[in-house]
Visitor: 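Dumping the structure here so I can ask a few things about it.
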Number of protein chains: 4
Amino acid sequence: MQKEKKERPDKYYSILNAAGTVFARLGLHKATISQIAQESGVADGTIYLYFKNKNDILYQFMSFKSDIFFEAMRRAVEGNDSADVKLRNLILCHLTEFQQDRDMAIVFQSEVRYRRDIASQIKDISKIYLDLLTEIIEQGQNEGVLRHDLFMGLVKRFVLGAVEGVINTWVAADGKYDLVSMADPLVELYLNGIKAR
Amino acid sequence: MQKEKKERPDKYYSILNAAGTVFARLGLHKATISQIAQESGVADGTIYLYFKNKNDILYQFMSFKSDIFFEAMRRAVEGNDSADVKLRNLILCHLTEFQQDRDMAIVFQSEVRYRRDIASQIKDISKIYLDLLTEIIEQGQNEGVLRHDLFMGLVKRFVLGAVEGVINTWVAADGKYDLVSMADPLVELYLNGIKAR
Amino acid sequence: MQKEKKERPDKYYSILNAAGTVFARLGLHKATISQIAQESGVADGTIYLYFKNKNDILYQFMSFKSDIFFEAMRRAVEGNDSADVKLRNLILCHLTEFQQDRDMAIVFQSEVRYRRDIASQIKDISKIYLDLLTEIIEQGQNEGVLRHDLFMGLVKRFVLGAVEGVINTWVAADGKYDLVSMADPLVELYLNGIKAR
Amino acid sequence: MQKEKKERPDKYYSILNAAGTVFARLGLHKATISQIAQESGVADGTIYLYFKNKNDILYQFMSFKSDIFFEAMRRAVEGNDSADVKLRNLILCHLTEFQQDRDMAIVFQSEVRYRRDIASQIKDISKIYLDLLTEIIEQGQNEGVLRHDLFMGLVKRFVLGAVEGVINTWVAADGKYDLVSMADPLVELYLNGIKAR
DNA sequence: GATGAATGAGTCTTCATTCAT
DNA sequence: CATGAATGAAGACTCATTCAT
C-alpha cells in the first residue's frame with residue numbers, strides 16, 4: 001500500500017527546491033537557469049540532466065508540491081466528521097501547508113493562475129480542490145448543516161476565492177503574520193456571513 | 001474644479017488598448033513591443049515616444065483602467081443607500097466593469113497580482129478597493145445591518161478574494177457566461193453565509 | 001521579359017556573400033553567426049532581419065548562386081550548335097563559373113553533397129544539370145555524333161563526376177592553377193576515352 | 001617483414017564501427033559522443049580511453065578503413081595483367097569495397113572531401129589511389145594500350161571523379177541498386193569515350 | 001512627430017570532455 | 001579498466017531599445 005513513486009536522486013530535489021525559491025523571488029520568466037543552478041550549487045548544464053527545460057522545472061515543481069498538498073488535503077477531510085468540521089479542516093490544512101512552504105505558495109498563486117501555456121494537468125490542481133469542496137458541501141446539505149439553496153458552482157468559487165485572497169495578502173505582506181490563525185474566523189464567515197442577526 | 005488630467009493624444013490611447021489586448025493574450029513577458037506596435041498600427045519606435053519602456057506601458061495601462069474603474073466604483077457607492085445596498089452596488093459594478101473590459105480583467109488578475117517589480121502605485125489599486133469596503137462595512141455596523149464582531153482585515157480580504165475568485169473562473173472559461181448575474185447571489189453569500197438556519 | 005526577382009536590399013547580399021566566405025572557410029557547422037556578422041560588418045541580430053536561421057542562410061546562398069549558375073548554363077547550351085560543341089560549352093561554363101566564384105565552388109562541393117537536412121530544392125540543382133546533359137547527349141545521338149549504346153544514367157554521372165573531381169582537386173589546391181583550361185582536354189577525354197587507337 | 005600493427009582490443013573496433021554507423025547516419029557534427037557510446041554499448045567516458053577526442057575517432061576510422069581498402073586495391077592490381085585489365089580490377093575493387101561497407105562509403109564521401117581540419121594523412125588516401133592510377137596508365141602507355149597524349153594530372157582526376165560520382169549517386173539512392181555492376185560499363189566509357197565511330 | 005533598421009546584451013540549451021568512484 | 005554524473009564553454013536566437021532619416 002506504499003506510495004509507488006519513482007525515487008529521484010537528491011540532486012533532483014535540490015534543484016527543484018532551488019527553482020522554487022528562485023521562481024518565488026523572480027517569477028518564471030525573470031528567473032534564469034543560471035540562477036537556479038547557482039541557488040542549488042550545480043552547474044547550468046546539470047539542470048538539463050534532470051529536467052527537459054525551464055518550463056519542465058516549473059511543471060515538476062508544481063506536480064511535486066501538489067502531490068504533497070493533496071495528500072495532506074485528503075487526510076484533512078477523511079473520517080466521519082460533520083461537514084462544517086471538514087470544511088474547517090480543509091481550510092486549516094490549506095493555510096497550514098501554504099504557510100509552511102511559502103515558495104510554493106508564491107509560485108502557485110502567481111504562476112499557475114493564468115498561464116495558458118502550462119500543462120492542463122497542473123490546472124487540474126484547483127479542480128481537485130473544488131471537487132473536495134463539492135463533496136463537503138453536499139455532505140453538509142445532507143446533514144442539514146448547510147443551506148440547500150446554494151448555487152454550487154458559485155459557492156465553490158466563493159470559498160476558494162476567499163482563501164486565496166487571504167493567502168495573497170499574507171504573501172504580499174511577506175508572511176509577517178500567522179496565516180493559520182485566519183482559518184477559524186474565515187470558516188466562521190463562510191458559515192454565518194457578515195449580516196447582523 | 002475641472003478634471004486635472006493632461007490630455008493625451010489619440011495615439012497614446014490606441015497603443016494603450018493594443019497593449020491591453022496583447023498583454024491579455026500573451027502575458028507581459030511573451031508580449032513583444034512589435035506585437036503591440038502592429039496591433040495599434042504604429043511603428044515600434046513610436047511606442048517609445050509615448051512610453052518610457054515596456055513596463056511603463058503596463059503601468060500606464062493599469063493606471064488608466066484603474067481611474068475609470070474607481071470612478072465607476074465611487075459612483076456606485078455614493079448616495080444615501082444602506083450598507084448592504086452599497087455592497088451590492090460595489091460588487092455589481094466590479095463585475096460589470098470587468099465583464100465589459102475583458103482585456104483589463106485578464107491583465108489585472110494575471111499580471112498585477114504578484115509582480116514585485118511593478119510600481120507600488122498600481123498595487124494601491126486594491127487598497128482603494130479595500131478602503132471602500134471598510135467604509136461600507138463600518139457604515140453597516142453603525143446602521144446595525146452588519147455584525148460588529150468582524151475582524152475587518154479579514155472581512156475585506158474575504159469579500160475581495162471571493163469576487164476575484166469568481167472573476168478568475170469566468171476568465172478561465174473564456175467569458176462564456178454572464179458574470180454580472182453572479183453579483184446578487186454572491187452578495188447574498190457574503191451576508192448570510194452557507195449555514196442552514 | 002525581364003527577370004521577375006524581388007529586389008533584396010544590399011545588406012541581404014552583403015550578408016549572403018559574407019556567409020559564403022565563412023562557409024567556404026569553415027564549413028556550415030563550424031561557421032558561427034557572429035563570424036558571418038563580423039565578416040559582413042553588421043551586428044549578430046541583423047542577420048536575423050534577413051534570414052530565418054543559420055540553415056536558411058546556406059539555403060538562400062545556394063539558391064542565389066544556383067540561379068546565376070543555371071542562367072549561365074542555359075545560355076551556354078542554347079543555340080544550334082552540335083552536341084559536342086554544346087557539351088564543351090557546358091563544361092567550359094561550369095568551370096568558368098566555379099573558377100570565378102571559389103566560395104560558391106567550395107560551399108557547393110562540400111556542403112551540398114550529402115546533407116540530408118538540406119531542403120531537397122537545393123538538391124535539385126544537380127538534377128537540372130543532369131537534365132541538360134541528357135538533352136545534349138540525346139541530341140548527339142540523333143546527330144550521330146555520340147554513341148547510341150550508352151547507358152544514360154551512367155553517362156550523366158560519368159560526365160558530372162569527372163568535372164566535379166577536377167573542380168575538387170582545383171579547390172584542394174587553393175585554386176592555384178587555371179581551372180578553365182581543363183575544359184577542352186576534359187571534353188576530349190569524354191569523347192575519345194583513353195584507349196589508344 | 002611482418003605487418004607492424006599494434007593489436008587493438010575488441011572494444012576499440014567496436015567503438016570504431018559504432019562511430020562509422022553514427023557518422024554515416026548523422027555526419028560528424030550532428031553525431032554525438034553519447035550516440036556513439038550507446039551504439040557500441042559502452043559508457044561515454046570509455047570512448048576517451050581509446051580515442052583522444054571526437055575528431056580522432058573519425059581519423060582512426062578513416063585510417064582503419066583505408067588500410068583495408070588499399071590492401072584490397074593493391075591485391076586488385078598486382079600480378080601481370082595488362083593495364084586495361086588492371087584498371088578494370090581497380091574500379092571493380094573500389095565499387096565492391098564501398099558497396100560492402102556503406103558506412104565507410106558515406107563517411108568517406110561526405111566527411112573527408114573538404115575538411116581542412118582533418119589530418120592531411122587522411123587526405124593522402126586519395127593520393128595513394130591516384131598513384132595507383134598513374135602506375136596503371138603509364139603501364140598502359142608502355143604497352144601501347146593507352147594513348148600517349150594524355151595529361152596525366154587530368155586523367156587521374158577524370159577517372160577518380162567519375163567513380164566517385166557514381167558512388168555518390170548510389171549512396172544518395174540509399175544503395176538501392178547494384179553498384180558493382182557499374183564497373184564494366186564505366187571502364188568501357190573510360191577507354192572508349194562517348195563519341196560515335 | 002514617426003519610422004523601422006540596426007543593435008547587442010541576455011538566455012536557453014547542447015555536448016565534448018573530465019574525473020571521482 | 002569502466003562508468004556516467006557533472007561541468008561549463010560555446011553558440012543560436014530573441015527582442016527591448018536606440019537613432020539616423
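Letters A, B, ... mirror the listed sequences (proteins, then strands); counts begin at 1. This one's a predicted model, so the numbers in the text were calculated from it and none came from an experiment.
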Visitor: With sequence neighbours excluded, what pairs up with A/F23 under the ring pair (Phe, Tyr, Trp, His ring centres under 6.0 Å) test?
Guide: none
Visitor: Who pairs with C/F51 by ring pair (Phe, Tyr, Trp, His ring centres under 6.0 Å), at least two apart in sequence or on another chain?
Guide: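 Testing C/F51 for ring pair (Phe, Tyr, Trp, His ring centres under 6.0 Å), a comparison that skips the adjacent residues, returns C/Y12.
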Visitor: Kindly write out the residues that satisfy salt bridge (Lys or Arg N to Asp or Glu O under 4.0 Å) with B/K11, not counting sequence neighbours, or none if the list is empty.
Guide: none
Visitor: Base, sugar-phosphate alone, or nothing: which one does B/Y50 contact when heavy atoms must sit under 4.0 Å apart?
Guide: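 If one applies the 4.0 Å heavy-atom cut-off, B/Y50 turns out to touch the sugar-phosphate alone, with no base involved.
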Visitor: Using whole Å, report how far CD1 of C/I15 lies from C1' of E/dA5.
Guide: 11 Å
Visitor: Using atom CZ of A/F51 as one end and atom C1' of F/dA6 as the other, report the distance to the nearest whole Å.
Guide: 15 Å
Visitor: Sub-3.5 Å donor-acceptor pair from the side chain of B/S14 to the main-chain atoms of B/D10, do we have one?
Guide: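 No; zero donor-acceptor contacts below 3.5 Å.
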Visitor: For A/Y12 and F/dA5, give me the distance from atom OH to atom C1', rounded to whole Å.
Guide: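 Nearest whole value for this atom pair: 17 Å.
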Visitor: Applying a 3.5 angstrom cut-off to the pairing atoms, does DNA chain F sit in any stems of at least three consecutive Watson-Crick or G-U pairs? List them by first number.
Guide: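 Detected stem regions: E:2-21 with F:2-21.
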Visitor: Return each pair, listed once, that meets side-chain hydrogen bond (donor to acceptor under 3.5 Å, both in side chains) where at least one residue sits in residues 34-49 of chain C; pairs must be two or more places apart or across chains.
Guide: C/T32-C/Q35, C/S34-C/D44
Visitor: On DNA chain E, check which nucleotide each of B/A43 and C/I47 is closest to and give me the residue with the more 5' one.
Guide: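 Its nearest nucleotide lies further toward 5', so the answer is B/A43.
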Visitor: Once side chain to side chain donor-acceptor pair (under 3.5 Å) is applied, do any residues pair with D/N17, and if so which ones, sequence neighbours excluded?
Guide: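 If we apply the side chain to side chain donor-acceptor pair (under 3.5 Å) test to D/N17, skipping adjacent residues, there are no hits.
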Visitor: For B/F64, which residues count as a ring pair (Phe, Tyr, Trp, His ring centres under 6.0 Å) partner, sequence neighbours excluded?
Guide: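 In terms of ring pair (Phe, Tyr, Trp, His ring centres under 6.0 Å), with neighbours along the sequence ignored, B/F64 is linked to B/Y13.
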Visitor: Quick test: give all pairs of protein nitrogen or oxygen and nucleotides 13-17 of chain E nitrogen or oxygen below 3.5 Å, distance rounded to 0.1 Å.
Guide:
{"from": "E/dT13", "atom 1": "OP2", "to": "A/Y48", "atom 2": "OH", "distance (Å)": "2.9"}
{"from": "E/dT13", "atom 1": "OP2", "to": "A/K54", "atom 2": "N", "distance (Å)": "3.2"}
{"from": "E/dA16", "atom 1": "OP1", "to": "D/A31", "atom 2": "O", "distance (Å)": "3.4"}
{"from": "E/dA16", "atom 1": "OP1", "to": "D/K54", "atom 2": "NZ", "distance (Å)": "2.9"}
{"from": "E/dA16", "atom 1": "OP2", "to": "D/I33", "atom 2": "N", "distance (Å)": "2.8"}
{"from": "E/dT17", "atom 1": "OP2", "to": "D/Y48", "atom 2": "OH", "distance (Å)": "2.9"}
{"from": "E/dT17", "atom 1": "OP2", "to": "D/K54", "atom 2": "N", "distance (Å)": "3.0"}

Visitor: Send over the distance from A/I36 CD1 to E/dT11 C1', rounded to a whole Å.
Guide: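 Those two atoms, CD1 and C1', are 12 Å apart.
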Visitor: Would you say C/K11 reaches E/dA5's phosphate, i.e. side-chain N/O to OP1/OP2 under 4.0 Å?
Guide: no
Visitor: Please list, chain by chain and in numerical order, all residues satisfying salt bridge (Lys or Arg N to Asp or Glu O under 4.0 Å) with B/K65, sequence neighbours excluded.
Guide: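 In terms of salt bridge (Lys or Arg N to Asp or Glu O under 4.0 Å), with neighbours along the sequence ignored, B/K65 is linked to B/D101.
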